**Student:** 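Got a structure for you, questions after.
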Amino acid sequence: MILPIYIYGHPVLRTESKNITESYPDLDKLIHNMFQTMYHAHGIGISAPQVGLSISLFLIDLTPYHEEDPAIPNIKKAFINPLIIKESGPEEAHNEGCLSIPGLREDVNRKSEISIEYLDVNFKKHTEDIDGLYARVFQHEYDHLNGVLFIDHLSPVKKNIVNRKLIKIGKGKFEDLYPTVLRK
Ligand code: CO
């Protein structure tokens, strides 16, 4: 089932997510639906707040990128209760977009290497040191769980420039490519 994606301006995107346990109802179904929603909207990552749920869960699928560039890991999975334990390496600028901010793309500076911890769908704990596109997308999705959006990383000057566009997006003035939910 394709779920509607919550759009910039909706308070759920600014709400801190809570960790979940194995008893969370219909988790497999939710993850399945989130994958479907992400593919339908042509995303490479999606977080639970973007489908209206303040829980600590996101998905990443880098498989199309891996096919083009074997240096990019073949990651397609759900990350439950994830954490960034350490950030290192230089800051790098990379163009980012977000399914909750349709039509806007900007360069965002982020750390190039991170150490992460998360549970998989079987609630098995993993620890990894990651970099490149994987680290980039992980940080973007992890931000969502803390109510942070990529635009929050822009300089004040840049933020001023995109602000008018953000107001329009919040009012639903964007190309209608997938089902969405706006702030009431
Ligand atoms: Co996003």
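First listed ligand is number 1; within each ligand, the first listed atom is number 1. Just so it is clear, the structure is predicted and the values come from calculations on it, not from any experiment. Because only heavy atoms are used, hydrogens play no part in the values below, and waters and symmetry mates are left out as well, while side chains stay in. Positions are given from 1 along the sequence.
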**Student:** Apply the test salt bridge (charged side-chain N to carboxylate O under 4.0 Å, His left out) to residues Lys86 and Glu113: give CA-CA distance (whole Å), side-chain angles for both, the deciding distance (0.1 Å), then the verdict.
**Tutor:** CA-CA 8 Å; Lys86 205 178 93 188; Glu113 295 161 29; over 6 Å; no
**Student:** So which heavy atom on Ser112 is nearest to which on Ala135, and how close?
**Tutor:** O-CB, 3.9 Å
**Student:** Look at the aromatic rings of Phe35 and Tyr39 and report parallel, tilted or perpendicular, splitting at 30° and 60°.
**Tutor:** parallel
**Student:** Check for me whether the distance between the ring centres of Phe79 and Phe138 falls short of 6.0 Å.
**Tutor:** yes
**Student:** Taking the six-membered ring for Trp, are Tyr118 and His126 ring centroids under 6.0 Å apart?
**Tutor:** yes
**Student:** Among protein atoms, how many N/O/S atoms lie less than 2.8 Å from the Co ion (ligand 1)?
**Tutor:** 3
**Student:** Give me the one residue out of Asn146, Ile80, Leu145 that meets side-chain contact (heavy atoms from CB on, under 4.5 Å) with Ser56.
**Tutor:** Leu145
